[in-house]
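Report on one structure; see the data block that follows.
These numbers were taken from a predicted model, which means no experiment stands behind them. Atoms considered below: every heavy atom in the structure, side chains included; atoms not considered: hydrogens, waters and symmetry mates. Lettering of chains follows the sequences in order, A, B, ..., and the numbering in each one begins at 1.
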Number of protein chains: 2
Amino acid sequence: MRIGELAAASGLTTKTIRFYEQTGLMPGPPRTPSGYRDYPEQAKARLDFIRDAQGAGLSLAEIRSVLALRDGGQAPCAHVTALIDQHLADIECRLAELTVTREALRGLARRAAATDPAACTEDEICTILAPADDPKVDR
Amino acid sequence: MRIGELAAASGLTTKTIRFYEQTGLMPGPPRTPSGYRDYPEQAKARLDFIRDAQGAGLSLAEIRSVLALRDGGQAPCAHVTALIDQHLADIECRLAELTVTREALRGLARRAAATDPAACTEDEICTILAPADDPKVDR
DNA sequence: CTTGACCTTCCAGTGCGCTGGAAGGTCTAG
DNA sequence: CTAGACCTTCCAGCGCACTGGAAGGTCAAG
């Protein structure tokens with residue numbers, strides 16, 4: 001299987017597959033006499049795995065670490081479980097942050113609706129975003 | 001006011017302030033005879049504004065556009081209002097995405113808890129992340 | 001024989017918001 | 001006079017996951 005075929009089968013580009021090889025996610029495949037990459041069947045499964053893992057929010061570095069364990073003959077289950085838990089915690093955290101930012105923005109939108117453009121002086125730049133008497137975004 | 005003093009007053013680094021000047025967020029200040037930057041009082045207000053706007057989730061490019069209006073003598077209210085609305089929509093969208101990812105990760109965590117490491121064969125790489133019979137992350 | 005699709009390597013750039021370092025100038029205190 | 005704290009410019013790099021392009025090799029069909 002040549003790289004273009006594998007790309008089509010996996011939905012990636014040849015560029016991306018070469019990039020994965022270069023960064024240690026994919027092993028270098030055997031070559032044809034003329035130097036073309038010649039992939040075995042498992043290559044597609046590996047790319048599928050990478051896609052799934054990315055879909056779960058893992059970074060390429062994390063995926064690399066999982067694959068390294070597997071390639072070393074170990075079951076990466078424990079490691080994967082830890083990664084999943086960590087990402088869950090991460091996401092909870094970002095959800096909380098985003099929610100706070102959303103509330104802040106809603107406050108700004110309310111203020112914007114109540115703002116008279118003429119009241120905005122040059123010194124303050126913009127009373128919606130940074131009112132003189134209320135430096136921090138309020139609740 | 002020299003750049004170090006302004007940096008201390010605003011909580012930024014001198015590097016960052018020079019970077020803001022370079023990228024058009026801050027006007028180039030007058031210089032002392034020896035070439036040192038000599039900032040007027042308003043510089044701090046402008047940096048504070050940038051910080052507040054960033055806190056509201058605006059990118060430096062967006063902040064630049066607001067400042068450009070203001071510097072051009074226009075009240076940026078309408079523009080700011082549009083940016084706020086757009087960011088609110090953005091955040092709603094990302095919150096929704098993150099929530100979906102969280103549910104997917106919770107599913108994975110459940111599966112991980114139920115997985116026997118011995119069941120994970122080499123071909124599949126990892127049955128938690130990419131089970132052979134269930135290629136896409138389920139609900 | 002030529003065309004065109006495919007493949008190879010290597011180098012460089014994207015966006016974002018800085019950050020680091022080198023090499024040198026200036027100012028103040030002791 | 002010297003130390004050291006500050007300032008100047010310019011160039012380069014971070015992390016992330018690619019993406020683009022140049023310059024050239026290979027292969028099958030017409």
Side-chain angles (χ1 to χ4, degrees), chain A residues 1-39 43 46-67 83 86-87 90-91 94 97 101, chain B residues 1-39 43 46-67 83 86-87 90-91 94 97 101:
Chain A
M1 199 187 221
R2 284 185 311 176
I3 197 169
E5 211 174 335
L6 180 59
S10 64
L12 299 170
T13 66
T14 58
K15 281 278 187 196
T16 301
I17 295 172
R18 281 190 212 101
F19 170 74
Y20 284 174
E21 178 180 332
Q22 203 180 291
T23 52
L25 283 157
M26 293 295 286
R31 302 290 183 121
T32 66
S34 56
Y36 288 8
R37 286 172 179 81
D38 187 21
Y39 290 95
R46 194 167 174 119
L47 289 175
D48 287 347
F49 168 75
I50 293 172
R51 198 171 16 65
D52 286 349
Q54 263 192 307
L58 302 212
S59 69
L60 293 188
E62 288 166 337
I63 296 170
R64 191 154 40 235
S65 72
V66 172
L67 288 168
L83 285 176
Q86 194 183 300
H87 275 266
D90 255 33
I91 285 191
R94 286 204 287 142
E97 280 173 12
T101 302
Chain B
M1 199 186 218
R2 284 186 311 179
I3 196 169
E5 211 174 333
L6 181 59
S10 63
L12 300 169
T13 67
T14 58
K15 281 279 188 195
T16 301
I17 295 172
R18 280 191 212 101
F19 170 74
Y20 284 174
E21 179 179 332
Q22 204 180 291
T23 52
L25 284 157
M26 294 294 287
R31 303 291 182 121
T32 65
S34 56
Y36 289 7
R37 285 172 178 81
D38 187 21
Y39 290 96
R46 194 167 174 119
L47 289 175
D48 287 347
F49 168 75
I50 294 172
R51 198 170 19 65
D52 286 349
Q54 263 193 306
L58 302 213
S59 69
L60 293 188
E62 289 166 335
I63 296 170
R64 193 157 33 237
S65 71
V66 172
L67 288 170
L83 285 176
Q86 193 184 303
H87 274 267
D90 253 34
I91 284 190
R94 286 204 289 144
E97 281 173 12
T101 302

Contact nearer the 5' end of DNA chain D, comparing A:Thr32 with A:Leu12: A:Leu12
Which residue lies more 5' along DNA chain D, comparing B:Gly35 with A:Thr13 via nearest heavy atoms: B:Gly35
Quick one: which of [options] gets closest to the side chain of [X]?
X: B:Thr16; options: D:dC18, C:dT19, C:dC7; value: C:dT19
X: A:Tyr36; options: D:dT19, D:dG25, C:dG25; value: D:dG25
X: A:Ser59; options: D:dC7, C:dC18, D:dA17; value: D:dA17

In whole angstrom, give the distance that lies between atom [atom1] of [X] and atom [atom2] of [N].
X: B:Phe19; N: C:dG20; atom1: CZ; atom2: C1'; answer: 14 Å
X: A:Lys15; N: C:dT8; atom1: NZ; atom2: C1'; answer: 10 Å
X: B:Glu21; N: D:dC10; atom1: CD; atom2: C1'; answer: 14 Å
X: A:Ile63; N: D:dC16; atom1: CD1; atom2: C1'; answer: 12 Å
X: A:Arg64; N: D:dG15; atom1: CZ; atom2: C1'; answer: 12 Å
X: A:Ile3; N: D:dC27; atom1: CD1; atom2: C1'; answer: 17 Å
X: A:Ile17; N: D:dG20; atom1: CD1; atom2: P; answer: 15 Å
X: A:Asp38; N: D:dT26; atom1: CG; atom2: P; answer: 16 Å

Pair of N/O donor and acceptor under 3.5 Å linking C:dG17 base with B:Tyr20 side chain: no
side-chain contact (heavy atoms from CB on, under 4.5 Å) between A:Tyr39 and A:Ile3, worked out: CA-CA 7 Å; A:Tyr39 290 95; A:Ile3 197 169; 4.0 Å; yes
Side-chain donor or acceptor of [X] paired with backbone N/O of [Y] under 3.5 Å:
X: B:Asp38; Y: B:Thr32; answer: no
X: A:Ser10; Y: A:Leu6; answer: yes
X: A:Arg46; Y: A:Pro27; answer: no
X: A:Arg64; Y: A:Thr23; answer: yes

Would you indicate, yes or no, if [N] has its OP1 or OP2 atom less than 4.0 angstrom from a side-chain nitrogen or oxygen of [X]?
X: B:Gln54; N: C:dC18; answer: yes
X: A:Ser34; N: D:dC27; answer: yes
X: A:Arg31; N: D:dG25; answer: no
X: A:Arg37; N: C:dC7; answer: no
X: A:Arg2; N: C:dC6; answer: no

Sugar-phosphate, base or nothing in reach of B:Arg18, heavy atoms under 4.0 Å: base
